[in-house]
There are 2 protein chains.
Amino acid sequence: MGCAPMGHILYDEIMRYNPKNPYWFNRDRFVLSAGHGCMLQYALLHLAGYDSVQEDDLKNFRQWQSRTPGHPENFETPGVEVTTGPLGQGIANAVGLALAEKHLAARFNKPDNEIVDHYTYAILGDGCQMEGVANEACSLAGHWGLGKLIAFYDDNHISIDGDTEIAFTENVEERFKGLGWHVIWVKNGNTGYDEIRAAIKEAKAVKDKPTLIKVTTTIGYGSPNKANSYSVHGSALGAKEVDATRKNLVWPHEPFHVPEDVKGHWSRLVQQGAALEAEWNAKFAEYEKKYKDEAAELKLIITAELPAGWEKALPTYTPESPADATRNLSQQNLNALVKVLPGFFGGSADLASSNMTLLKMYGNFQKDTPEERNLRFGVREHGMGAICNGIAHHSPGLIPYCATFFVFTDYMRAAIRMSALSQAGVIYVMTHDSIGLGEDGPTHQPIEHLASLRAMPNVFMLRPADGNETAGAYKVAILNRNTPSIIALSRQKLTQLPGTSIKGVEKGGYIISDNSSGNNPDIILIGTGSELEIAAKAADELRKAGKAVRVVSLVSWELFDNQSDAYKESVLPSGVSARVSIEAGSTFGWEKIVGSKGKAIGIDRFGASAPAGRLYKEFGLTPEAVVAAAKELC
Amino acid sequence: MGCAPMGHILYDEIMRYNPKNPYWFNRDRFVLSAGHGCMLQYALLHLAGYDSVQEDDLKNFRQWQSRTPGHPENFETPGVEVTTGPLGQGIANAVGLALAEKHLAARFNKPDNEIVDHYTYAILGDGCQMEGVANEACSLAGHWGLGKLIAFYDDNHISIDGDTEIAFTENVEERFKGLGWHVIWVKNGNTGYDEIRAAIKEAKAVKDKPTLIKVTTTIGYGSPNKANSYSVHGSALGAKEVDATRKNLVWPHEPFHVPEDVKGHWSRLVQQGAALEAEWNAKFAEYEKKYKDEAAELKLIITAELPAGWEKALPTYTPESPADATRNLSQQNLNALVKVLPGFFGGSADLASSNMTLLKMYGNFQKDTPEERNLRFGVREHGMGAICNGIAHHSPGLIPYCATFFVFTDYMRAAIRMSALSQAGVIYVMTHDSIGLGEDGPTHQPIEHLASLRAMPNVFMLRPADGNETAGAYKVAILNRNTPSIIALSRQKLTQLPGTSIKGVEKGGYIISDNSSGNNPDIILIGTGSELEIAAKAADELRKAGKAVRVVSLVSWELFDNQSDAYKESVLPSGVSARVSIEAGSTFGWEKIVGSKGKAIGIDRFGASAPAGRLYKEFGLTPEAVVAAAKELC
């Protein structure tokens, strides 16, 4: 209720959008980072004429299968740009949206035709301000000079636990100035409409810095007894107080009833939105005539279409190709893909030279070089993930990737989950994916991370074993625009294995070698990533000893789960219970694959600081260990 | 090398510690938040006379089982206070250490005897500064006025990817002023010894604010060719450059050789440290005479000893006790435990009234009321976890707890992992542990979190079903001081079940009801937390239909794993493959429990916004579903 004036001014006067086409490319973007206030956004979408929020939807607030869930979900409600609720995510998404606009504008705008040109608005509260992810993203927004990002800070001094005095007494304005933002203070946010309008005007005039408009409001404004109290933060007012509020605000109308004069006032926006889009379409037609190639590229970004034959860019390898770390093979893919995919770009959280994520043809995306494609996130993993979610949600054809060490998925897990939930096809390039990183020790060595991400819905957790599998992982990642992919990559060199393939990766699990017949091997050895070659070596030994051995690469459990029962049976026949798996990570979850009679070789403790070879030996991740386990089973 | 002057001054002149007893209670604490520079700390510990770092240890840097791992690990190297390496954690731990000092000083110091009195020092780099967790913790340090926290910001302008100009151009001093810190700038950190000394003096004089001393240094200072370059960030100089550096610094001595005059200079610190501790011991003896009760309490905090009979404080329940949410039952435990455990305190990330974590006998720990025991973390989950790690590592008898919604373990996962790795017995009170929270929807509903935390080494993931189990979970959590416990609690009311017990919880898994004989039931139903009562209801139905049914509560998989094979067989006999589990979360990992012939009922998609009852029905988490699954198996 305290945010109503800001929201009203934005939707009624300021923002350029088309209610009948919520996906119009050049629309202004709005993010309600303080997602618990979503009823405000639903009400505004309703008033503005979006089909997604009808009167019945408002009445079904927070009910099963309604389009008005308890927090704004982009996949439920057209008009909602991103999914918010977990605090701090939304403002970081907004940074990504503004980055995308700045990047595309720099690449595609012409002196005579500024085809990309919109603002990104956000409302954030005290909770968002306290979250570290917000500070990370806002530090980058200042660094990048995202002048078309305008954030309203709803300064109501109330969070769930009461007055913010109990935990939040920092000087937010000073912090934001330090972060390189322009800061404006509107002291009377409850009724100061003109001040809000003036602040927006001032913000737009500052082109080289994002703007924070601190708007001091009263939570639950209008409620005579509950305004300015934490009791309205996440709870309804209650029937009695609703009555009192109606009286106080002189609002005699029925619940959910929009009076005719209000309807009349807002009704112009449908027509206005259609006109805005039509005008832009005409502009685009002009653009297309004059700048054919650029228009074709931009179209691919606006739609989710991939250019024909793009997958031919993926590198392939033979067993004779030199052994290499999959992080290096990953870089070959990144640099191949950027040549064919106009919406492909990204970067690392200060580990570009370790993650091997630099796009060699391009410079750094910076304040004055926003047309470039290497993003430099600094040591800000969480902000990085949330910014990439914003980029992905800006346009269906934008394909952001981001990178850090695999263990630091822990820092950005909340953002990864938002990718998965909000269906953002972000590519997470996660190198140094096991104890194989060696000397940096247990703080840097992932153990439980594969299991923990396999358990997350709507994520592809991929762990390629060599060059062909790395290319396969990228193929899966590019094709799946509504599912994030996490690609776990090795620091250490790996052999190019016979039998691996892009096609195999697309199935999630497949046979790389087999000397059995009739789908009935003596034993099945299963590996992922850097341990697949250990399984292959063990198979060689066992075959020498006369065993019929199948080796299976289980590069993505989720993709394998998606295959037909017949296919799965052809890879892991239910009649064969002699199974040994090897993976340099927690064995948690592997019982599903190896069954109760099989053996899962892994690491169920933290790692240690030592050279990688020594660690593999000490932790028992060796062909000898696989052979020994296999011999006990067959 | 750029930090050497700060480190040298701290260890040689400023800090009060006893090298021969690294655990002396009243020592100054030092945290190297920029953990990759750990060789500096090892060298200083060696020079200062700590037994943990001998010449051979320095030579075995980053080798298997050495006491000098690639990042500082408190559990490997006495003298290292906390485990650092993942950036930002260390400075947040330092906030926790300083908080603990301020709290204990306020509780125990007397006008005539300030028995608790030390400083906390930290060195952090640009990387730490960029991390959100650092901003969260530093915002709290400013809010709490932790005047005895002095942090050195090694401003060397270099991170792994190169000059910080590429991603970090914010004004750190301005941000820290905004956060309520006192800020000092030492412009010549490479050689400005006197300036550093003066800055520390100034910092100590400012008693109501923490101090950031920004020290501008040159990374790799002394190296003629590699100084001021990112190539020295995480890599060795190389033999040739080491030679050049030796020449440049006029250091003719053998590698690892400490010249006699240097040895002589440092040797006084062993004697000085012993004297400091002896002096303090005498002071404590005085204190004990005069303030017997306080001294007894403080002793419990200094040691890890628990007061005799403490566990009698745990509440117990009968099936007749009223149904209640486990979050409320948790609050009964918290308020019971705080009466008997002097080192027990904590709080929530702005959800105290939802997490039910307020200690009713106490006020808020604040700048001017630091003797109180309710911590108010604001919406800063990650900072909260890392601060609690610092508190736990301050003194073995400090038992911090912290709270948020279970889904937001994602925000603080890196801190939880540091609890586990560094053996900090933090208690994570995680409420709203399933779709049972209802209307807030999928952003707030944990799905994969139980699985993802069960996969993490050295964590007890506990999900109690009712009052007795909640008390049992707290008993486990309190007893295990080197393992963090995560207690998942319901928002919704749960029945007090017959058969549950504290003793049962201590085993991790146990039988709550059984109408079979000979350890051979027709079916075993397994549940955790809020779904245990669904399993119990299903058992009633099945028994009515003549089945012999066992119901098992699997409240903690890790504790159950720790039991003897005989005990495990007595609960889950290998001969009984008819098993059905029910848990409102991912089924990932449950194959281990139910076997390939059993059935795991759970949720392998994201949740939804609707009333809880409706969600349980829609997601098939009902007694009917359990009965149907059971009937297919027996």
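Nothing here was measured: the structure is a model prediction, and the numbers come from that model. Letters A, B, ... are given to chains in the order of the sequence lines, protein chains preceding strands, and every chain is numbered from 1.
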Chain B heavy atoms under 4.5 Å from [X]: which part of the residue, side chain, backbone, both or neither?
X        : result
A:Glu131 : both
A:Pro446 : backbone
A:Phe377 : backbone
A:Phe408 : side chain
A:His382 : side chain
A:Met418 : side chain
A:Ala420 : both

Just by modelled atom types, is the [Y] backbone N or O under 3.5 Å from a matching donor or acceptor in the [X] side chain?
X        : Y        : value
B:His71  : A:Asp440 : yes
B:Tyr411 : A:Tyr411 : no
A:Arg62  : B:Gly438 : no
A:Glu170 : B:Gly180 : no
B:Thr443 : A:Gly85  : no
B:Arg614 : A:Gln63  : no

### Message
Tell me whether the rings of A:Phe588 and B:Phe588 are parallel (<30°), tilted (30 to 60°) or perpendicular (>60°).
### Response
tilted

### Query
Given A:Asn171 and B:Lys177, is the side-chain contact (heavy atoms from CB on, under 4.5 Å) satisfied, shown in steps?
CA-CA 8 Å; A:Asn171 183 331; B:Lys177 282 177 192 161; over 6 Å; no

### Message
Distance check, rounded to the nearest 0.5 Å: B:Ile166 atom CD1 versus A:Asn374 atom CG?
### Response
9.5 Å

### Summary
Output for pair (A:Gln366 CD, B:Thr169 OG1), nearest 0.5 Å, gives 8.0 Å

Do you know the tightest heavy-atom contact between [X] and [Y]?
X        : Y        : result
B:Trp64  : A:Ala608 : CZ3-CB, 3.8 Å
B:Pro442 : A:Arg417 : O-NH1, 3.2 Å
B:Ala167 : A:Leu140 : O-CD2, 4.0 Å

Let's test your reading of the structure: which of [options] forms the most heavy-atom pairs below 4.5 Å with chain A?
options                               : answer
B:Lys367, B:Gln65, B:His449           : B:His449
B:Met412, B:Glu165, B:Glu591, B:Gln89 : B:Glu591
B:Glu381, B:Arg413, B:Arg376          : B:Arg413
B:Ala610, B:Ala415, B:Gly70, B:Ser348 : B:Ala610

Does any backbone or side-chain atom of [X] lie under 4.5 Å from a heavy atom of chain A? Answer side chain, backbone, both or neither.
X        : answer
B:Trp557 : side chain
B:His444 : side chain
B:Val172 : neither
B:Ala451 : both
B:Ser586 : side chain
B:Ser139 : both

Evaluate the side-chain proximity of [Y] to [X]: yes if any heavy-atom separation is below 4.5 Å, no if none is.
X        : Y        : answer
A:Pro457 : B:Asp604 : no
B:Val379 : A:Phe168 : no
A:Leu179 : B:Glu174 : no
A:Pro69  : B:Glu439 : no

### Task
Decide, yes or no, whether a salt bridge links B:Glu448 with A:Arg454 under the criterion of side-chain N to carboxylate O below 4.0 Å.
no

Most chain B-contacting option - heavy-atom pairs closer than 4.5 Å, from [options]:
options                               : result
A:Cys128, A:Pro611, A:Gly441          : A:Pro611
A:Ser574, A:Ala455, A:Ser596          : A:Ala455
A:Asn458, A:Leu421, A:Asn60, A:Leu450 : A:Leu421

